[in-house]
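Here the structure is laid out as structure tokens; the discussion comes afterwards.
All values below come from the heavy atoms of this structure, side chains included, with hydrogens, waters and symmetry mates left out. Within every chain, numbering begins at 1; the chains are lettered A, B, ... in the order of the sequence lines, protein sequences first and strands thereafter.
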Amino acid sequence: MPSLENNKLYINNSLKREKELFVPLHSPNVGLYVCGPTVYSDVHLGNCRSFITFDMVYRYLSHLGYKVRYVRNITDAGHLENDADEGEDKISKKARLNDLEPMEIVQTYTLGFHDVMAKFNAIPPSIEPTATGHIVEQINMIEKIMEEGFAYEINGSVYFDVEKYNANHNYGVLSGRKIEELISGTRALDGQSEKRSPLDFAIWKKASPSHIMRWKSPWSNGFPGWHLECSVMSTKYLGEQFDIHGGGMDLKFPHHECEIAQNTAANGKEAVQYWMHGNMLTLNGAKMSKATGNTLLPEELFTGNTDKLTKGFAPSVVRFFMMQAHYGSQLDFSNDALIAAEKGFNRLMEAYEKLKSLNAGDGSSDFSIKDWEGRCYKAMNDDFNTPILISHLFEAAKFINSCADQNSRLKEEDLASFKLILKAFIFDVLGLEEINKSEGGNKLDEVVKMLIGMRAQARADKNWALSDQIRDQLSNLGILLKDGKDGTDYSIDS
RNA sequence: GGUUCCGUGGCCGAGCGGCUAGGCAGUGGUCUGCAAAACCAUCUACAGCGGUUCGAAUCCGCUCGGAACCUCCA
């Protein structure tokens, strides 16, 4: 493993639109902020891809030896449903419709989110702050932005003055949008707006009488604008300047653009060094979206209980499927692709299992572990190129199989480091998990081994009828026997 | 309409000027009592048309097709 000083990690910085050498502000400490979910309904698989992507990023940075403070928020207020003026807070609305406390909604879906993340083997962030837990800080930031002259109050609401900000700063640095085009492209200039410009966005909204979620502020009883919470919480926990900010591609504009404006307006400098954007998971060629019903819930995926799938898939298989594509590329979800991924995943895991019981050969090795390790790091250092890493893992699998068939060999010390490196990349970095062979506990394993023993005897007696019967009946149960040179192994179809 | 991006073999997906990943599926072998697994070998590509270059899937232009964002979204 390369040392922190020697490792050269390149990150595709969305802000610069090019790969840049990653140099943390305060190495070995790294600050990572990722936009979390709005907890007003179940997370779908598209949401999960983003979080799994940044889980991988967090894992790799940690693996390299960085001390990462990983902050991912829970949006539990302030997320308006539509245009800022008429919009209702999503959580507030859901609570009103179901006659529940907003915090009941928040609790339900936060727990659901955590449950799904755990199934995907995502490591919880170091800090998971909520918007409602940081109202005071948000009010403070609004005051600061106002003091700097980049926001104005009208009727108890406070708006960020985009045009004023743009006079000395660049509103559009991230998204590549030009303010003039934004103005001309704005629809619904129906004169209802109290904002000075349609581009301005709310950082504090006065609550309408029906709005349940409200807090006292110098301007009104109201609630914070959605974009504000991320600026506030990232600043609070990671400082006015920090290393990496991640999120889905769809958040680039306006959310991230507004975050940049807020931070810069309040603190006079850009907060984020490297912006990373995960691309969309599509279904039938279009982005997953609750609004259109084009979604897949993790639960449907695990159980196969949906007409979009022919069977259920283990969370690790789905994770592996996602890792086979680069995080920056759009990925289309399909049953066929999942089945192919599952087979590949199983092959990789079986090779890893084989490696555990591999014997070292004497003399030299037929495979340069050191070179191979270098290639693995090179792939990950090139903007977290997990598909390339996986291709190297399959190369390793091929070699393991060859050793198991005694066509190749590996000397003692190489074998030891091979095991360590492969384990690190499969489990620590990619975050995959072995699908438990013996779901019914160890007893199933023992029973299968017993049957394998009986079959071996039958084969020795040339009792093919019996040996095939054992094999076929196990096969019908989804237990596949695999005859190798050193006896019989088995795998269980999920 | 504007902004960002993409079109790779039967399918999924890397590569982003020369060395033409990987997985799944296919084909031919080896092994095996047979089969599966495993191993070895192997066939299908770079949307179209121009241009730059000694050389392009990779750069430039145009055409066609698709996506995300410009309302909420991971």
Checklist entry - Taking atom types as they are modelled, is there a donor-acceptor pair under 3.5 Å from the base of B:A35 to the side chain of A:Arg471? => result yes
Checklist entry - Would you call the rings of A:Tyr33 and A:His245 parallel, tilted or perpendicular if under 30° counts as parallel and over 60° as perpendicular? => result tilted
Checklist entry - Which part of the nucleic acid does A:Lys398 contact within heavy-atom distance under 4.0 Å: base, sugar-phosphate only, or nothing? => result sugar-phosphate
Checklist outcome for this item: When both distances are under 3.5 Å in a Watson-Crick or G-U wobble arrangement, the nucleotide paired with B:G61 is B:C49
Item to check | Aromatic ring pairing A:Phe160/A:Phe201, orientation class (parallel under 30°, perpendicular over 60°, tilted between) | outcome: parallel
Next on the checklist: What I want to check is whether an N or O donor and acceptor connect the side chain of A:Asn279 with the base of B:A74 at under 3.5 Å.
Outcome noted: no
Item to check | Between P of B:G15 and CD1 of A:Ile390, the distance in whole Å | outcome: 13 Å
Checklist entry - Can a side chain N or O of A:Asn47 be found less than 4.0 Å away from OP1 or OP2 on B:A74? => result yes
Checklist entry - More than 12 foreign heavy atoms under 6.0 Å from NZ of A:Lys178: is that the case here? => result no
Checklist entry - Touch check for A:Leu480, heavy atoms < 4.0 angstrom, all strands: base, sugar-phosphate only, or nothing? => result nothing
Checklist entry - Within the structure shown, what part of the strands sits under 4.0 Å from A:His277 by heavy-atom distance: base, sugar-phosphate, or nothing? => result nothing
Checklist outcome for this item: Taking a pair to mean Watson-Crick or G-U wobble geometry with both distances below 3.5 Å, B:G18 pairs with B:C54
Checklist entry - How would you label the contact of A:Ser289 with the nucleic acid (heavy atoms, under 4.0 Å): base, sugar-phosphate, or nothing? => result nothing
Next on the checklist: What is the distance, to the nearest angstrom, from the CG atom on A:Leu283 to the C1' atom on B:A68?
Outcome noted: 16 Å
Next on the checklist: Under 4.0 Å, counting only non-hydrogen atoms across every strand here, what does A:Asn407 touch: a base, just sugar-phosphate, or nothing?
Outcome noted: sugar-phosphate
Checklist entry - With sugar-phosphate meaning primed atoms plus P, OP1 and OP2, does A:Lys462 contact a base, only sugar-phosphate, or nothing at under 4.0 Å between heavy atoms? => result nothing
Checklist entry - Rounded to the Å, how far apart are A:Gln469 CD and B:A36 P? => result 20 Å
Checklist entry - So what does A:Leu393 touch, heavy atoms closer than 4.0 Å: a base, only the sugar-phosphate, or nothing? => result nothing
Item to check | B:A74 pyrimidine/purine six-ring stacking with A:Phe51, under 5.5 Å and 30° | outcome: no
Item to check | Watson-Crick or G-U counterpart of B:C69, or none if no pair lies under 3.5 Å | outcome: B:G2
Item to check | A:Cys258 side chain near A:Tyr171 side chain, heavy-atom distance below 4.5 Å | outcome: yes
Next on the checklist: Nearest whole Å is fine: how far is B:C34 C1' from A:Leu481 CG?
Outcome noted: 14 Å
Item to check | All pairs passing ring pair (Phe, Tyr, Trp, His ring centres under 6.0 Å) where residues 448-485 of chain A contributes a residue, at least two apart | outcome: none
Checklist entry - So what does A:Leu281 hit on the nucleic acid, given a heavy-atom distance under 4.0 Å: a base, only sugar-phosphate, or nothing? => result base
Item to check | Donor-acceptor pair present, A:Ser467 side chain and B:G33 base, under 3.5 Å | outcome: yes
Checklist entry - Between B:A74, B:C34, B:A14, which nucleotide has the shortest distance from any of its atoms to the side chain of A:Arg459? => result B:C34
Checklist entry - What nucleic acid atoms does A:Gly247 come within less than 4.0 Å of, heavy atoms only: base, sugar-phosphate, or nothing? => result sugar-phosphate
Next on the checklist: Regarding A:Asp468, tell me which of base, sugar-phosphate or nothing describes its non-hydrogen contacts under 4.0 Å with the strands shown.
Outcome noted: base
Item to check | Which residues share a salt bridge (charged side-chain N to carboxylate O under 4.0 Å, His left out) with A:Asp115, sequence neighbours left out | outcome: A:Lys119
Checklist entry - Just checking A:Met249: base, sugar-phosphate only, or nothing, at a heavy-atom cut-off of under 4.0 Å? => result nothing
Checklist entry - Counting only Watson-Crick or G-U wobble pairs whose two distances fall under 3.5 Å, which nucleotide matches B:A41? => result B:U27
